[in-house]
Amino acid sequence: AQERSALLGAGSLAVVNHRVSDETLVETLLALLHRRQEQVEQGLRAERFDEKPSLRDFVSRSPAIQSFMHTAQRLARSDSSLLILGETGVGKERLAQALHSEGPRAAGPFVPVNCGALPESLIESELFGHEEGAFTGASRARRGYFELAHKGTLFLDEIAETPLHLQVKLLRAIETRMIQRVGGERPLQVDVRMMAATNRDLDAEVAARRFRSDLYYRLAVVTLSIPPLRDRREDIPELIDTYIQRFRIHLGREVAGCAPDAVEALVQYGWPGNVRELINVIERAVLLCSGDRIEVQDLPQNVAAPAGLTALDDPLAPGLAKPDTWIDRPLREVKESLIASVERRYVSELLRATRGRIGETAKRAGLNERALYAVMKRHGLRKEDFKRSGDGEPARGS
């Protein structure tokens, strides 16, 4: 027994007695080869998911994506400014990274900046840097994102959130390739490729004078618009398999696939959060499922429910008037589905009415802010997606 433990500890895959039959020996060797093959395949899959984003990640059966990628592949070799449009979660930043990694600046840095997440009081110093003593708290000089992206790509996500007074400086930096730190006296030369993204309708923003037309035209030398997931449902089964393989490795779960009725539920769901939401749903299902495949009951209630229970874009959605679509489900599930759907619609409408202001939304809902955030998290809602452009509609997210 000691020798056996020592051999296994030294890296042996198995230890067999020298009197073992030929049949048992063959079975053992085949089992070891199978195990080794699985380990190699898992290693390759893990390596694939850890590698840098590539345009191969966007290979698709959808004609819309195929046409889109034909343009994107040509842009990868370019150094021109690029504007990427699309809803929340479609993969705008990942596309920008893929274009950078396959372009002439691949050896340089890729610097992503979420303009909507930067406080207005700090956004200028974050982008352009500042000198020591430029303002209270500036205890030392600091490079901004433009300098950090020198010889590489600067990706400005949620560009429509940039304040008007800063848009002038952005335009000048893009046109002259010169910046000036806050509190600085001399201009600095920078060499960056500009990519920007937004979930807003920039034409409407320009018409409403919330976004400068000259900056818009300078950024949009070429524009790419990523189709939402609901417009390419033929890709969903393959995406499901891809992310199951990813999370079974990362989470250490023996999940081999997805049951046909669960796949159908995932294909039929509307995916307001697009691929990002799909990734989160698959990760949750892999983590929670008790068998070797994902079943309908492993999916979130709003995804697993029939379309009639979740289609609440219209308060009088046709599905609500047809209880015959519910008869195969227990009353408890029907009630839970309806409550969840109404709760999501109610909070969405409040956020839309308050333009995403949490304090006001919580007050009108009769909740404290922590409880409101819990409800929003449960339904995948973000306050940033409800900053209105003035037409009563929420921003469609990035």
- Item | Chi angles and distances behind the side-chain contact (heavy atoms from CB on, under 4.5 Å) call for S78, V222 | CA-CA 10 Å; S78 166; V222 181; over 6 Å; no
- Query: Run the side-chain contact (heavy atoms from CB on, under 4.5 Å) check on E126 and R142 step by step: do they pass?
  - Reply: CA-CA 9 Å; E126 290 291 315; R142 183 179 181 277; 3.7 Å; yes
- Item | Trace of the salt bridge (Lys or Arg N to Asp or Glu O under 4.0 Å) decision for E349 with R352 | CA-CA 5 Å; E349 292 295 335; R352 179 180 289 113; 2.8 Å; yes
- Item | Full working for side-chain contact (heavy atoms from CB on, under 4.5 Å) between Q189 and T176 | CA-CA 8 Å; Q189 187 168 14; T176 66; over 6 Å; no
- Query: Step by step, would you call R232 with L229 a side-chain contact (heavy atoms from CB on, under 4.5 Å)?
  - Reply: CA-CA 5 Å; R232 49 188 186 101; L229 188 56; 4.3 Å; yes
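Rounding to the nearest 0.5 Å places CD of E158 at 7.5 Å from OG1 of T198. For the atom pair CZ (R357) and CZ (R364), the distance works out to 9.5 Å, reported to the nearest 0.5 Å. L171 CG to L166 CG: the interatomic distance, rounded to the nearest 0.5 Å, is 11.5 Å. Rounded to the nearest 0.5 Å, atoms CG (L202) and CZ (R210) are 11.0 Å apart. Atom CD in E147 sits 12.0 Å away from atom CG in L154 (nearest 0.5 Å). Interatomic distance, N199 CG to I159 CD1, rounded to the nearest 0.5 Å: 12.0 Å.
Partners of R230 according to the salt bridge (charged side-chain N to carboxylate O under 4.0 Å, His left out) rule, which considers only residues two or more places apart in sequence or in another chain, are E87. With sequence neighbours excluded, no residue satisfies salt bridge (charged side-chain N to carboxylate O under 4.0 Å, His left out) with R172. In this structure D241 satisfies the side chain to side chain contact (heavy atoms under 4.5 Å, CB included) test with no other residue, sequence neighbours excluded. With sequence neighbours excluded, the residues satisfying salt bridge (charged side-chain N to carboxylate O under 4.0 Å, His left out) with E131 are R181.
Among all heavy-atom pairs drawn from L299 and A265, the shortest one is CD1-CB, 4.2 Å. When all heavy atoms are compared, the tightest approach of Q180 to P187 is OE1-N, 4.4 Å. When all heavy atoms of R253 and V286 are compared, the closest pair comes out as NH1-O, 3.2 Å. The heavy-atom pair separating A256 from Q245 by the smallest distance is O-NE2, 4.1 Å. Shown here for A72 and L55, the closest heavy-atom pair between the two residues is O-CD1, 4.3 Å. Residues D298 and S290 approach most closely at OD1-N, 4.4 Å, considering heavy atoms.
Put simply, V192 and I179 are part of the same group of oily side chains (I, L, V, M, F, W, Y) that touch within less than 4.5 Å, one to the next. Both L287 and V255 sit in one connected hydrophobic cluster of ILVMFWY residues. Membership requires side-chain heavy atoms under 4.5 Å apart, directly or through other members. The hydrophobic cluster containing M194 does not contain F155, counting ILVMFWY residues as joined when their side-chain heavy atoms lie under 4.5 angstrom apart, directly or transitively. Residues L99 and I65 fall within the same hydrophobic cluster, defined by Ile, Leu, Val, Met, Phe, Trp and Tyr side chains chained together at heavy-atom separations under 4.5 Å. A single hydrophobic cluster is not seen to contain both L288 and V281; linkage of ILVMFWY side chains at heavy-atom distances under 4.5 Å, directly or through other members, places them apart.
Here the side chains of Y373 and K383 are in contact, with some heavy-atom distance below 4.5 Å. Looking at L122 and P119, their side chains come closer than 4.5 Å, going by heavy atoms from C-beta outward. Annotation: side chain of L82 is not in contact with side chain of V221 (no heavy-atom distance under 4.5 Å). Counting heavy atoms from C-beta outward, L215 and I174 have side chains that approach closer than 4.5 Å. Using a 4.5 Å heavy-atom threshold, the side chains of I84 and I226 count as touching. The closest side-chain heavy-atom distance from Y243 to V275 is below 4.5 Å. Side-chain contact between I123 and P163 is present, with at least one heavy-atom pair separated by less than 4.5 Å. Put simply, the side chain of L83 reaches to within 4.5 Å of the side chain of L85, judged on heavy atoms.
Between the side chain of W271 and the main chain of L266, a donor-acceptor pair closer than 3.5 Å is present. Although no hydrogens or angles enter the test, the distance criterion places no donor-acceptor pair under 3.5 Å between the side chain of E295 and the main chain of A262. Judged by distance alone, with hydrogens and angles left aside, the side-chain atoms of N368 form a donor-acceptor pair with the main-chain N or O of R370 at under 3.5 Å.
Ring geometry for F128 versus F146: interplanar angle under 30°, hence parallel rather than tilted (30 to 60°).
Residue pairs meeting the salt bridge (charged side-chain N to carboxylate O under 4.0 Å, His left out) criterion with at least one partner in residues 95-119, sequence neighbours excluded, are D79-R105, R105-D191. Screening residues 212-226 for salt bridge (charged side-chain N to carboxylate O under 4.0 Å, His left out) gives R212-D214 as the qualifying pairs, with residues at least two apart or on separate chains.
Under 4.0 Å is where a charged nitrogen must lie from a carboxylate oxygen, and between E205 and R200 at least one such pair does.
No hydrogens or angles considered: a donor-acceptor pair under 3.5 Å links the side chains of Y269 and E277.
Within a 6.0 Å sphere centred on NE2 of H70, heavy atoms belonging to other residues, nucleotides or ligands number 12 at most.
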